[in-house]
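Side-chain atoms are counted along with the backbone in the values below, which use heavy atoms only and exclude waters and symmetry mates. Since the structure is predicted, the reported quantities are computational estimates derived from the model, not experimental observations.
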Amino acid sequence: MAVYHLLILLSLTLLIPTNSHNITSILDDFPQYSVYNSFLSQTKVCDEINSYQTVTCLVLSNSLMSSLASKHSLAGIKNALRLLILLDYFDPQKLHDQTRGTTVLTPTLYQTSGDAPFNLRLVNISSLRSGKIGFASARPGSAYDATYIKSVTQIPYNLSVLEISAPITFPGLMDPPFAAPFNLTDLLEKAGCKIFASLITSSGVLAMYESAMDKGFTLFAPNDDAFKADGVPDLTKLSRTDLVTVLRYHALPSYSPKASLKTAKGPIATMASNGLGMYILWVTSRGYDVSLDTGIGTSRIASSVFDDTTMCILTVERLLLPSEMFNAAAPMPAAPSTVALVPSQAPSTAPLPNVSWRRPRPPTPKPPQPPTRKPRTPPPPNGHGHDHSPPQPPTPKPRAPPPPNGHDSPPPPDPIWPPPTPIVPFIAPAPDAPAPDEPYPGPSDGTVSPVACMAFIFLLVFIIGSILDE
């Protein structure tokens with residue numbers, strides 16, 4: 001019976017999610033790392049950490065973090081923090097076991113930036129002669145200046161926080177991303193967004209973008225193929241006011257890199273938004289893919305072109321058309337093979353089309369047709385022999401209708417009774433259907449509902465428990 005109860009408790013633990021953590025909330029309980037925690041929030045590195053199920057954070061004390069921040073820009077600090085985030089789980093036991101007599105090469109969050117050669121995005125972990133565990137950049141010749149001090153906290157196999165004695169760096173890690181003056185149009189053209197760069201220059205929106213960069217700015221730049229897709233309107237034919245609105249709709253007045261967008265809840269305001277809740281975007285995600293939903297279509301974020309703490313430039317695969325200006329008459333083209341989850345749209349209120357096809361229905365029986373007759377020769381009066389009397393008028397007699405391929409003229413088409421009623425497809429929603437913005441009850445993506453999972457688990461536990469009792 002004890003085994004039976006143990007199996008029930010085990011089945012209940014399977015229903016509890018274990019892959020969610022909030023690094024800033026966890027570090028709030030450790031004031032000795034408050035400066036480190038503050039820079040995680042300022043650089044949005046915390047959102048990147050929270051998006052990984054398995055991660056190890058190497059933290060620095062307040063004095064070390066303050067010294068680092070006083071010498072470098074916020075963009076450089078972000079790179080340094082990324083190199084301190086290991087994309088693997090290391091608790092003290094695993095740290096000592098795996099580095100005994102060998103060196104462990106592990107990936108870091110910095111490798112997702114793509115700003116350096118591959119070997120510079122990794123970290124070496126090794127046992128030193130002093131008996132300590134050392135950390136160094138994978139760059140050849142890097143010294144093990146950072147050593148393991150103590151364990152801070154762990155969420156087993158998901159999140160581990162370890163304190164180290166110094167930051168892990170290499171030459172050029174914290175240098176400014178652009179030594180020359182920043183040029184947005186040149187950056188967009190190199191990223192394959194020449195048409196978009198031309199539009200923001202000719203319309204004057206470029207100056208609006210540049211004035212917002214220092215305060216927080218995120219740009220969604222459609223690539224050139226997005227303007228050539230089927231169903232996309234010609235933006236050059238819009239009025240200047242409408243064109244400016246569409247281009248401002250492609251930017252956010254805040255710094256929101258891709259990892260931060262994945263955690264966004266509800267609608268996000270764009271530079272074209274107003275106090276009435278118009279010209280907003282919704283974010284949908286599936287796995288590592290993030291898409292933007294305008295209300296009439298979705299566009300997947302393709303790549304990150306530039307990320308410098310207060311400013312982020314991302315490319316998107318589709319043009320973002322606001323629903324306030326474009327409706328179903330100008331739909332977005334079909335999404336690529338990887339499609340993100342899209343909220344259900346409101347049903348169309350247009351009149352039903354005049355369709356000519358019919359839904360399959362059983363055949364309608366036809367009323368009996370009057371018999372037809374054909375002339376025949378009357379029999380002789382005495383019933384035998386030949387009749388030499390004058391011919392009599394022909395008397396019709398019933399006969400079967402001629403075959404369709406016969407030589408006789410085909411009869412007129414039989415009338416259908418009762419006359420069939422044209423049938424059109426029913427596209428209106430049911431009266432009790434949920435509102436367009438509300439989720440439909442039950443899973444609609446092919447997954448099994450939690451209630452069914454729980455019922456199956458309890459049934460399986462009951463069967464196993466019964467067998468063990470016997």
What's the shortest heavy-atom distance between [X] and [Y], and which atoms?
X	Y	answer
Y33	S61	CD2-CA, 4.1 Å
H21	I49	NE2-O, 3.5 Å
L81	M65	CD2-CE, 3.8 Å
N124	S137	ND2-O, 3.8 Å
V290	V283	CG1-CG1, 3.7 Å
S202	L199	OG-O, 3.3 Å

(request) Would you sort out whether S38 and Q42 count as a side chain to side chain donor-acceptor pair (under 3.5 Å), showing the intermediate values? (result) CA-CA 6 Å; S38 173; Q42 293 181 50; 3.0 Å; yes
[atom2] on [Y] to [atom1] on [X], rounded to 0.5 Å:
X	Y	atom1	atom2	result
L173	R139	CG	CZ	11.5 Å
Y249	L319	OH	CG	10.5 Å
E324	S273	CD	OG	8.5 Å
S130	Y144	OG	OH	12.5 Å
L261	I268	CG	CD1	5.5 Å
T56	I85	OG1	CD1	9.0 Å

(message) So if I apply the side chain to side chain contact (heavy atoms under 4.5 Å, CB included) rule between S126 and each of T103, V104, L105, T102, which one comes out positive?
(response) T103
Could you tell me if the side chain of [Y] sits less than 4.5 Å from the side chain of [X], heavy atoms only?
X	Y	value
L247	L243	yes
V244	M208	yes
L87	Y110	no
T185	L206	yes
C46	T24	yes
F227	L235	yes
H250	M271	no
D91	S151	no

(request) Give the intermediate values and the outcome of side chain to side chain contact (heavy atoms under 4.5 Å, CB included) for residues M325 and T245. (result) CA-CA 9 Å; M325 295 177 58; T245 301; 3.9 Å; yes
(request) Give the intermediate values and the outcome of side chain to side chain contact (heavy atoms under 4.5 Å, CB included) for residues I313 and L188. (result) CA-CA 9 Å; I313 300 175; L188 291 175; 4.1 Å; yes
Check for a donor-acceptor pair, side chain of [X] on one end and backbone N or O of [Y] on the other, with a separation under 3.5 Å.
X	Y	answer
S51	A259	no
S254	G216	no
N79	M174	no
S70	S67	yes
D225	E317	no
T270	Y279	yes
N50	I23	yes
H96	P92	yes

(request) Evaluate the criterion side chain to side chain contact (heavy atoms under 4.5 Å, CB included) for residue pair Y89 and N158; output intermediate values, then yes/no. (result) CA-CA 7 Å; Y89 179 80; N158 288 115; 5.8 Å; no
(request) Determine, step by step, whether T147 and S165 satisfy the side chain to side chain donor-acceptor pair (under 3.5 Å) criterion, reporting the C-alpha distance in whole Å, the side-chain angles of both residues, the deciding distance to 0.1 Å, and the verdict. (result) CA-CA 5 Å; T147 57; S165 63; 3.0 Å; yes
(request) Apply side chain to side chain contact (heavy atoms under 4.5 Å, CB included) to the pair L122 and T108, showing each step before the final yes or no. (result) CA-CA 6 Å; L122 307 175; T108 68; 5.7 Å; no
(message) Test side chain to side chain donor-acceptor pair (under 3.5 Å) on T310 and D308; report intermediate values, then the result.
(response) CA-CA 6 Å; T310 59; D308 187 18; 5.5 Å; no
(message) Centroid separation under 6.0 Å, is that true for the rings of F135 and Y148?
(response)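 Not close enough - the centres of the two rings lie 6.0 Å or further apart.
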(message) Can you tell me how the ring of F217 sits relative to the ring of Y209, calling it parallel under 30°, perpendicular over 60° and tilted otherwise?
(response)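 Correct class here is tilted.
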(request) Kindly determine whether S63 and S66 satisfy side chain to side chain donor-acceptor pair (under 3.5 Å), including the steps that lead there. (result) CA-CA 5 Å; S63 58; S66 298; over 6 Å; no
(request) Could you list the residues that satisfy side chain to side chain donor-acceptor pair (under 3.5 Å) with K258, not counting sequence neighbours? (result) none
(message) With side-chain hydrogen bond (donor to acceptor under 3.5 Å, both in side chains) as the test, pick out the partner of D47 among S41, S256, S260.
(response) S260
(request) Please list, chain by chain and in numerical order, all residues satisfying side-chain contact (heavy atoms from CB on, under 4.5 Å) with S127, sequence neighbours excluded. (result) T99, I133
(message) So that I can tick it off, tell me whether K78 and D307 are bridged by a salt bridge, with the cut-off set at under 4.0 angstrom between side-chain N and carboxylate O.
(response)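 Salt bridge between D307 and K78, a charged N being under 4.0 Å from a carboxylate O: yes.
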(message) Could you check whether D224 pairs with K194 (Lys NZ or Arg NE/NH1/NH2 to Asp/Glu carboxylate O, under 4.0 Å)?
(response) no
(message) Checking D293 against S291: is there a side-chain donor and acceptor pair closer than 3.5 Å?
(response) no
(request) Determine whether more than 12 heavy atoms belonging to other residues, nucleotides or ligands lie under 6.0 Å from atom CG of D214. (result) no
